[in-house]
Amino acid sequence: MQYKVKHLAVIMDGNGRWAKQRGLPRIEGHRKGAEAARLLIQNSHNFGITYLTLYAFSAENWNRPKQEVSDLLGLLGLYLKQELSSLHNNGVRIKVIGDLSLLEPSLQRQIHDAVNITCDNKGLTLCVAFSYGGRAEILRACKALIQKSSNHNLEMSELEFRQYLYDPEMPDVDLLIRTSGERRISNFLLWYIAYAELYFTDILWPDFSTIDLQNALEDFNLRTRNFGFARTE
Ligand code: IPE
Ligand code: IPE
Ligand code: MG
């Protein structure tokens with residue numbers, strides 16, 4: 001089947017509950033979640049998705065217990081180390097959005113290296129949202145704008161405003177998937193999801209399989225997107 005989704009965004013939720021159900025520490029859920037992300041990345045390319053944005057760590061996740069935060073940071077570093085060459089060989093272009101200044105300099109360097117090494121790749125764009133908050137992103141854009149401020153800016157269009165967001169190239173989200181039965185946005189991609197189709201599933205993120213992805217993409221194919229215009233069917 002030909003899928004229509006170009007930009008897929010995913011709130012990968014439920015790692016902790018997945019681990020708890022098995023009597024395992026939460027980090028095991030996060031590890032298994034990273035494997036599910038690897039599978040999703042492979043599948044995305046095959047299913048015609050060009051832009052994939054993954055919510056890996058929110059601005060609010062800094063409030064989790066110290067140990068879990070450090071486990072999650074460690075997992076990002078490990079993931080980049082283990083996956084970089086295979087992502088690069090598969091033509092994946094890596095981007096990272098979020099307040100990276102809060103990360104250890106060595107992890108920041110690792111991220112910048114991964115972004116630089118893959119920046120000319122022409123395959124899937126994989127955008128990882130880490131230490132990311134949608135409000136913080138918009139506020140940061142406004143601050144940058146004020147610094148450059150002139151009366152001319154009062155004429156600014158939405159398209160021009162986008163230049164101040166973390167990733168000016170990011171297209172609007174077509175489909176937003178959230179796993180684990182939660183039905184909220186949790187401060188993810190506020191600007192870009194204005195007209196996204198939303199898909200919620202009870203599956204916990206570590207269990208999210210190829211079939212689950214196909215179900216979501218098929219569901220999207222059946223939706224009618226009006227963008228405010230009169231319905232044509
Ligand atoms: C999502 O899983 C991963 C992150 C937020 C980093 P959770 O850790 O939120 O899992 P639950 O919601 O507690 O099950
Ligand atoms: C959202 O999940 C963030 C990520 C998946 C990285 P949370 O589990 O942190 O969201 P809330 O706190 O339940 O809204
Ligand atoms: Mg959660």
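Since this is a predicted model, take the numbers as computed values, not measurements. Note: hydrogens, waters and symmetry copies are ignored here, and every other heavy atom, side chains too, is used. Start at 1 and go down the list; that is how both ligands and their atoms are numbered.
- Shown are Arg225, Arg162, Lys6; of these, the salt bridge (Lys or Arg N to Asp or Glu O under 4.0 Å) with Asp172 is made only by Arg162.
- For the pair Glu182 and ligand 2, no heavy-atom separation below 4.0 Å is found.
- With salt bridges taken as basic N to acidic carboxylate O contacts below 4.0 Å, none links Arg109 and Asp113.
- When only modelled atom types and interatomic distance are considered, His7 and Asp174 share no side-chain donor-acceptor pair under 3.5 Å.
- Within the 4.0 Å heavy-atom cutoff, Gly29 does not count among the residues contacting ligand 1.
- For ligand 1, the polar-atom distance check finds no N/O of Asn61 at less than 3.5 Å from any of the ligand's N/O atoms.
- Side chain of Asp212 to backbone of Ser209: a donor-acceptor contact under 3.5 angstrom is found.
- By the side chain to side chain donor-acceptor pair (under 3.5 Å) test, Arg38 is found to be paired with Glu83, residues two or more places apart in sequence or in another chain being considered.
- Among all non-hydrogen protein atoms, the one lying nearest atom 5 (C) of ligand 2 is Met12 O, 3.5 Å.
- Note: an N/O pair closer than 3.5 Å links Gly16 and ligand 1 by distance alone.
- With sequence neighbours left out, the ring pair (Phe, Tyr, Trp, His ring centres under 6.0 Å) criterion links Tyr192 to no other residue.
- Around the Mg ion (ligand 3), the protein N, O or S atoms found under 2.8 Å comprise Asp13 OD1.
- Protein non-hydrogen atoms do not reach within 4.0 Å of atom 12 (O) of ligand 2.
- The cationic group of Arg64 does not satisfy the cation-pi geometry with Trp62, failing either the under 6.0 Å distance to the six-membered ring centre or the 45° limit from the ring axis.
- Taking every heavy atom of Arg184 and a limit of under 4.0 angstrom, the matching atoms of ligand 2 come to 11 (P), 13 (O), 14 (O).
- Regarding atom 14 (O) of ligand 2, its nearest protein heavy-atom neighbour is Ser186 OG, 2.6 Å.
- Counting only heavy atoms of the protein, atom 10 (O) of ligand 2 lies nearest to Arg178 NH2, 3.2 Å.
- Taking Gln67 as the reference, Asp71 meet the side chain to side chain donor-acceptor pair (under 3.5 Å) condition, with sequence neighbours excluded.
- Using a non-hydrogen distance threshold of 4.0 Å, Glu60 does not register as a contact of ligand 2.
- Short contacts between ligand 2 and Arg64, defined as distances under 4.0 Å to a heavy atom of the residue, involve ligand atoms 7 (P), 8 (O), 9 (O).
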